[in-house]
There are 2 protein chains.
Amino acid sequence: MVNGSTRIRILDTALDLFGTRGVGTVSLDDIADAVGVRKQTILYWFKSRSGLIDAVLDHAADELLVVVEAAIRSRGDEPLDRVDAVVCAVFRPVVRRPALLGLIREVTRLDESHINHLRGRLSAVVERCVSYLTSEMEKGRLRTCDPMVLAGLLYSTVSGTGTEPIVLETFGWEPNAAGLRQVRRELRGFVRAALQPN
Amino acid sequence: MVNGSTRIRILDTALDLFGTRGVGTVSLDDIADAVGVRKQTILYWFKSRSGLIDAVLDHAADELLVVVEAAIRSRGDEPLDRVDAVVCAVFRPVVRRPALLGLIREVTRLDESHINHLRGRLSAVVERCVSYLTSEMEKGRLRTCDPMVLAGLLYSTVSGTGTEPIVLETFGWEPNAAGLRQVRRELRGFVRAALQPN
DNA sequence: TCACGTCTCTACCATTTGGTAGACAAATCT
DNA sequence: AGATTTGTCTACCAAATGGTAGAGACGTGA
């Protein structure tokens with residue numbers, strides 16, 4: 001019998017813990033406890049801790065790619081609307097699965113091999129985004145600037161906003177459903193203003 | 001004899017390690033090795049690991065506050081210039097001391113007590129920023145929006161851009177002096193465009 | 001000189017870490 | 001039925017962790 005359910009439960013739980021507490025501070029025992037299983041069961045499904053990390057990164061990339069690809073394909077010719085759709089798409093996991101962006105953001109703390117692993121999974125979308133921004137700038141439909149750096153700025157803004165509610169709270173913001181809608185509204189306005197051609 | 005130098009060397013080194021590798025993944029032994037001293041020396045100067053973390057957060061807050069306060073007081077009346085000055089001020093440590101913003105960004109991974117400790121240190125500046133943004137919006141000299149959330153968005157954009165060169169590299173950016181200047185230029189343009197009154 | 005405070009060290013300790021070896025039960029195949 | 005594969009477990013282990021206890025080197029004031 002091919003029992004995938006344990007494997008998937010481990011992946012899901014690990015994603016949540018890695019994403020919220022940081023990869024480096026979550027032990028196999030922590031994950032095992034949360035799943036309701038022994039550490040050795042994790043090591044049965046995944047060769048090592050490092051192997052688990054790569055698998056979780058894949059899992060996260062899958063989840064994110066689906067969302068983003070759908071938004072990119074969504075219709076409407078106007079680039080500001082299109083970028084807006086992607087921003088909303090990336091912001092959705094912030095509400096539904098906060099750990100997802102938190103994990104992606106962990107990339108800075110990982111070592112080279114895991115970084116490259118994640119890069120390999122995301123490079124295609126990244127390239128599409130940059131070339132899309134480039135072409136729309138050439139048509140004068142976006143504020144002209146360096147498209148690579150702009151893509152990075154957009155990523156930082158959206159992911160930072162989504163992964164650091166604690167910072168927003170420091171600025172006086174209230175963490176509830178209404179607050180999140182407010183943040184999303186402001187985020188969209190911010191990005192729109194930043195991209196407007198002049 | 002009041003020998004502060006060891007204490008300070010520990011603080012500086014810990015700030016660098018915490019900021020670049022993440023608080024949770026740096027052990028007292030790691031710090032001790034980097035300082036060239038034994039772990040027990042650290043525990044002589046700081047009551048515990050947790051005490052060290054608070055002290056390092058203070059150290060970081062001090063360093064950041066000096067820079068930001070100076071920028072806030074600097075330069076003309078025009079709000080876009082003023083915000084620009086703060087952005088540049090916060091961006092400077094990105095080049096000179098990359099760990100500084102990296103540590104501040106670690107706040108999401110810390111536990112409540114450390115979060116509140118850091119908040120206490122930064123709340124004054126934060127409030128000044130928010131009320132400044134508010135008053136300038138009322139005068140119609142900044143794009144009207146929620147000033148609290150805007151402050152959070154600005155923080156996310158600047159700190160994310162500064163602390164995630166790896167992400168920028170994924171977007172095709174090259175990490176050298178010229179690349180950094182380019183990022184700063186784009187960042188300033190991005191923020192300016194996002195704040196422009198309409 | 002002697003006593004004292006300052007600073008860093010060696011020697012431990014209990015706990016936790018990632019990981020190996022292999023027992024054992026249930027399901028599957030022949 | 002018997003043999004084999006699959007999945008989870010218990011029992012370990014060496015290394016690393018934060019932390020305690022206390023020795024000893026050093027300068028300073030009496």
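A note on names: the letters A, B, ... follow the listed sequences, proteins ahead of strands, and every chain is numbered from 1.
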(request) Inspect the surroundings of CD in A/Glu78 and state if more than 12 heavy atoms from other residues, nucleotides or ligands are less than 6.0 Å away. (result) yes
(request) Rounded to the nearest angstrom, tell me the gap between atom CG in A/Asp29 and atom P in C/dT16. (result) 9 Å
(request) Look at B/Tyr44 and C/dC7 and indicate whether a side-chain polar atom (N or O) is within less than 4.0 Å of OP1 or OP2. (result) yes
(message) Taking only side-chain N and O atoms of A/Ser27, does any of them lie within less than 4.0 angstrom of OP1 or OP2 on C/dT16?
(response) no
(request) Sorted by first residue and then second, give each side-chain hydrogen bond (donor to acceptor under 3.5 Å, both in side chains) pair with at least one member in residues 14-24 of chain B; sequence neighbours left out. (result) B/Asp16-B/Arg97, B/Arg21-B/Asp30
(message) Expressed as a whole number of angstroms, how long is the span from A/Gln40:CD to C/dT20:C1'?
(response) 9 Å
(message) How many whole angstroms separate atom CZ of A/Arg38 from atom C1' of C/dA21?
(response) 18 Å
(message) Please report the distance, rounded to the nearest Å, between CD1 in B/Ile31 and P in D/dG19.
(response) 11 Å
(request) Respond yes when some side-chain nitrogen or oxygen of A/Trp45 is under 4.0 Å from OP1 or OP2 of D/dT6, and no when none is. (result) no
(message) With a 3.5 Å distance limit and no angle check, can you tell me whether A/Arg82 reaches the backbone of A/Ile72 through a side-chain donor-acceptor pair?
(response) yes
(request) Can you figure out which of D/dC9, D/dT20, C/dT8 approaches the side chain of B/Leu43 most closely? (result) D/dT20
(request) Quickly work out the A/Phe46 CZ to C/dG19 P distance and round it to whole Å. (result) 13 Å
(request) Can you tell me the distance, in whole Å, between the CG atom of A/Leu28 and the P atom of D/dC13? (result) 20 Å
(message) Strictly below 4.0 Å: does A/Thr6 bring a side-chain N or O up to OP1 or OP2 of D/dT8?
(response) yes
